[in-house]
Each structure stands twice: as C-alpha cells, then as structure tokens.
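Working notes, beginning with the structure itself.
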2 protein chains.
Amino acid sequence: MEAQVTDARPRDRAATRQRLLEAARMLFGEYGYEQVTVRMIASAADANIALVGRYFGSKSGLFGEVLAGEPTVRAVVEGDRAGLPRRLAEYAAERMSHDPETPILRSLERSAGDPEIQALVRERLHTVVLEPIAALLGGPDAHVRARMATAVFLGIGSVRRLIGPETPSPADVDRLTAVFELCLGLETRP
Amino acid sequence: MEAQVTDARPRDRAATRQRLLEAARMLFGEYGYEQVTVRMIASAADANIALVGRYFGSKSGLFGEVLAGEPTVRAVVEGDRAGLPRRLAEYAAERMSHDPETPILRSLERSAGDPEIQALVRERLHTVVLEPIAALLGGPDAHVRARMATAVFLGIGSVRRLIGPETPSPADVDRLTAVFELCLGLETRP
DNA sequence: GCGGCTAGTAAACGAGCGTATACTCGCCGA
DNA sequence: TCGGCGAGTATACGCTCGTTTACTAGCCGC
C-alpha cells in the first residue's frame, strides 16, 4: 500500500483560485501576457486548465484581475516630494539587480498585442504611476516630467531584461537619483 | 476584353525579396517579432507566403536579415564625445513625438519570447549601441554609464508606445540632454 | 518554336493556442 | 444512508500559427 500520501489536496475553490492568481502573477510578470499560456498557468498552479475559464472567464479576465490586485509602486510614489527621486532610484536600482517581488511592472513593458490588454495596461500605468507622480510634482508641465521619469524607470527594466541584471554600486544609485531629480525638475543643487 | 491591365508585375526574384524585406522591417519595427505573422509580411509585400520560407529560410531568418541590414543609431553614436548627450537627446525627442524611420530599435523593446530572437536582439544591442557608447566614453565604469543611457533611451520608446506620442518642447530636449550627460558622467557644469 | 529552369502560387500539414463541454467524484445535509 | 451539488477533470473544438509540398506559368537559349 505504501500509503502514497501524495497529499491529496482538499477541494477548496478559494484556495485553487488563489493559486491560479498567484501563478498568473508570477508568469505574466516574468514573460508578459502573450508569451504565457493558460496551460502554463494551470500547470504552475497545479490546477486544471478549464478552471481558468471557470474562475476568471478568460485569460484576459485573469490578467485584469492580476493587474487590479497589484499594489504596485504606491509605496514609492506616496511620500514627500523631495525624497521621491531617491525612492525612485532605490526602487529602480533594485530592479536593475534582481527581480522585484511585484512583477507587474515588467508586464507593462511587454504585453502589447491584444488591444484589450493594451488598454488595461495603459490605464493602469496612468492611474498608478503617472498620475500620482504628476500630482505630487504639481506645476504646469508636471505630466511631461512624470512621463520622463517613468521612461527612465521602464527603460531600466527593459535593459535588465535584454542584457541581464547588474548590481549597481552606491555611486550608481546616487547618479540615478540625480537623473530622477533632473527628470522631475527637482534639482536640489544651489 | 477590357485589357484588365492589373499591372502584372514582372517576375523578379531580387525585387520580390526586397519587398518582403522592406515589409518585414516596417512590421517588425512597429509591432515586434511575435506579433507579426509571415502572412502579414507577405500580404504587405504583395507576395506569396511560401516565398518567405523560400528566400529567408524561416521567419527568424528573415528577422535576422532585417536586423543585420539596419544602420541603426550609428550616426548618433559616432561623433565627438561632448556632443553625444545632445545627439542622444535629440534622437530620443524624435522618438517621443513620432515614429522614427529606423524602426528596428522599437523591436528591441519587444520581441522576447523566442530565445533565438532574444539572442539576436541582445547581440545587436550590444554591438551597435552599448559597446560604441562605452568605447566613446572610456573609463572604468563606462559600461555601467552606457547601460544607464541605453535604459533612458529604450524607456522613452516604451512610454511612447504605451501612452502615446508627445511632442517635446525645446526645454524638454534640454532637460533630456542634461539627463544623458548625467547618465554618461559627462556633466559639463563648472 | 520549344523544352527546361525558375519565380510564383495554392493548398495543406501538424502543432499550439484559448475556450467550451460533458463528465467524475467527494462531501454534506436531510 | 443517500441524493445532489459543486470542485475538479478529461477531452474536444475551432482557429491561427510557421512551414512544406505539389503545382502552374513565364522567360531564355537552342
């Protein structure tokens, strides 16, 4: 008999749903929307393919729920205005060296084929990153400056993905801080 | 009879090959490798699908030839060291507002699924952008600084693609120049 | 004038995708 | 004890993808 305790999971709808959501978060973050198949997600979550459709309606529905559930960079954006460049730089430096634990930003760089997904991503980037930064900045061209900082932020992710991670030195973080200050128009030099 | 002169093209292997190459260059640049199908390319080139396989071996072979045939940003990178930030800024500003005529850079941002394509893109980015900039800079951490500038460059493309084009003001170009100076460690301030 | 090389064509192949359907089986209240 | 509800499953459907194969038709040297 050997007992063969393959820890038969109890049938738990909520838990299975959560496993799918978590697996999707990881995979979408790492590979982008189009590259991830529902079979990959189901396999990673150790669940059946059909459950994706059952619990989330469709692949794009699952992606939308993943996107909506991400706290994203709120902690970075929220805070005092003067410290924003340094917080952005430290977060970006984190992204340069190793995978961040909030993978959704990476999926922003990719995932562009499906117009529905594109709209989701665009809206999310707007409301979670661009608008908060612009609001914190204030001023007439706040959006332009927020946009430039966002560009630097996304670009760092692109480069890491394209040519591999690299651990930045403290001097690099300082330089990056200065770059963000410049982008945001928050130069602190006398 | 009506003659029906549907301008029957002369059968010209070289010309057809060139049309396919050109269509692929446009489409890959605009949508990235994975999003473009060989049917799209053949249709845009007004050629038969099978000719892609016949003339280029495969879709990835065609992509490789497109990649190899691009002059890319050589004109921007080559030149005096002091002027590099401004040249980069002007080129990047061009990218912010409307589509550049060398679309291959955009495909660098995307196209990540197939490992073979990823290797092609990585190698190309290295030899055409990163290495020339690092060589122009010199110094111990030249690669780190070149990498940071590349990140800004790619990020601007990502943002344009994600949230639409925006025409930068001359002041924005100035700011961008300062950003590149900072990234490259070429601060010219006294 | 004509046969053969070749550019170009039409159609199909197998694989993989997202999705939908019909089913099995374990648990829980009556 | 047992009937049914629902979580989980196996499988198939329709589609599109990259690729391949068998074919058609025009030009060029003889």
Side-chain angles (χ1 to χ4, degrees), chain A residues 4-24 27-28 31-66 107 110-118 120, chain B residues 4-24 27-28 31-66 107 110-118 120:
Chain A
Q4 189 73 14
V5 192
T6 50
D7 55 342
R9 237 193 331 271
R11 303 194 309 163
D12 187 333
R13 177 187 177 99
T16 302
R17 216 187 106 102
Q18 194 57 37
R19 284 206 319 280
L20 283 169
L21 211 49
E22 198 60 33
L27 290 168
F28 282 145
Y31 302 110
Y33 179 76
E34 353 259 355
Q35 303 304 323
V36 173
T37 69
V38 295
R39 285 169 176 81
M40 287 168 64
I41 296 170
S43 172
D46 200 16
N48 192 276
I49 320 166
L51 297 182
V52 171
R54 174 112 61 216
Y55 294 157
F56 303 97
S58 65
K59 182 188 177 185
S60 62
L62 172 54
F63 183 76
E65 192 147 333
V66 167
S107 85
R110 311 199 186 177
S111 335
D114 191 339
E116 179 190 352
I117 300 302
Q118 205 164 5
L120 274 176
Chain B
Q4 189 74 14
V5 192
T6 49
D7 56 344
R9 238 195 327 274
R11 301 196 310 164
D12 187 334
R13 178 187 175 99
T16 302
R17 216 188 105 102
Q18 194 57 36
R19 285 207 318 281
L20 282 169
L21 210 50
E22 198 60 33
L27 290 168
F28 282 146
Y31 303 109
Y33 179 75
E34 351 258 357
Q35 302 304 323
V36 173
T37 69
V38 296
R39 284 168 176 82
M40 288 169 64
I41 296 170
S43 172
D46 200 16
N48 193 276
I49 320 167
L51 296 182
V52 170
R54 176 118 53 223
Y55 294 157
F56 303 97
S58 64
K59 182 189 178 187
S60 61
L62 172 54
F63 182 77
E65 193 148 333
V66 167
S107 85
R110 312 200 187 176
S111 342
D114 191 339
E116 178 190 353
I117 300 302
Q118 204 164 5
L120 275 177

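Predicted, not measured: the structure shown is a model, and the values here were computed from it. The chains referred to below are lettered A, B, ... by the order of the sequence lines, with proteins before strands, and numbering in each begins at 1.
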Can you check whether B/Glu34 reaches A/Glu34 side chain to side chain, under 4.5 Å on heavy atoms?
no

Test item: B/Tyr55 and B/Leu21 side chains (from C-beta on) under 4.5 Å apart, heavy atoms
no

Nearest-Å distance, [atom1] ([X]) to [atom2] ([N])?
X       : N      : atom1 : atom2 : answer
B/Phe63 : D/dG18 : CZ    : P     : 14 Å
B/Leu51 : D/dT19 : CG    : C1'   : 13 Å
B/Asn48 : D/dC23 : CG    : C1'   : 12 Å
B/Leu27 : D/dG18 : CG    : P     : 12 Å
A/Gln35 : D/dC17 : CD    : P     : 14 Å
B/Arg17 : C/dT6  : CZ    : P     : 17 Å
A/Glu34 : D/dC17 : CD    : C1'   : 14 Å
B/Lys59 : D/dT16 : NZ    : P     : 16 Å

Side-chain contact check for A/Val38: nearest option of D/dA7, D/dT19, C/dG18 is C/dG18

Using the side-chain heavy atoms of B/Tyr55, tell me which of these nucleotides is nearest: D/dT21, C/dG8, C/dT19.
C/dG8

My understanding is that only residues two or more places apart in sequence, or in another chain, count here; which of them pass side chain to side chain donor-acceptor pair (under 3.5 Å) with B/Arg19?
none

N/O donor-acceptor pair, side chain [X] with base [N], under 3.5 angstrom:
X       : N      : result
A/Arg54 : D/dG8  : yes
B/Arg39 : D/dG18 : yes
B/Arg11 : C/dG8  : no

Describe the nucleic acid contact of A/Phe56 in one word from base, sugar-phosphate, nothing, applying a heavy-atom distance below 4.0 Å.
nothing

Over all atoms of both residues, closest heavy-atom pair of B/Ser60 and B/Ile117:
CB-CD1, 3.7 Å

Toward the 5' end of DNA chain C, by each residue's nearest nucleotide, B/Asp12 or B/Ile49:
B/Asp12

Would you confirm whether B/Lys59, through its side chain, and B/Gly53, through its main-chain N or O, come within 3.5 Å as a donor-acceptor pair?
no

Does A/Thr16 place a side-chain N or O at less than 4.0 Å from the phosphate oxygens OP1/OP2 of D/dG8?
yes

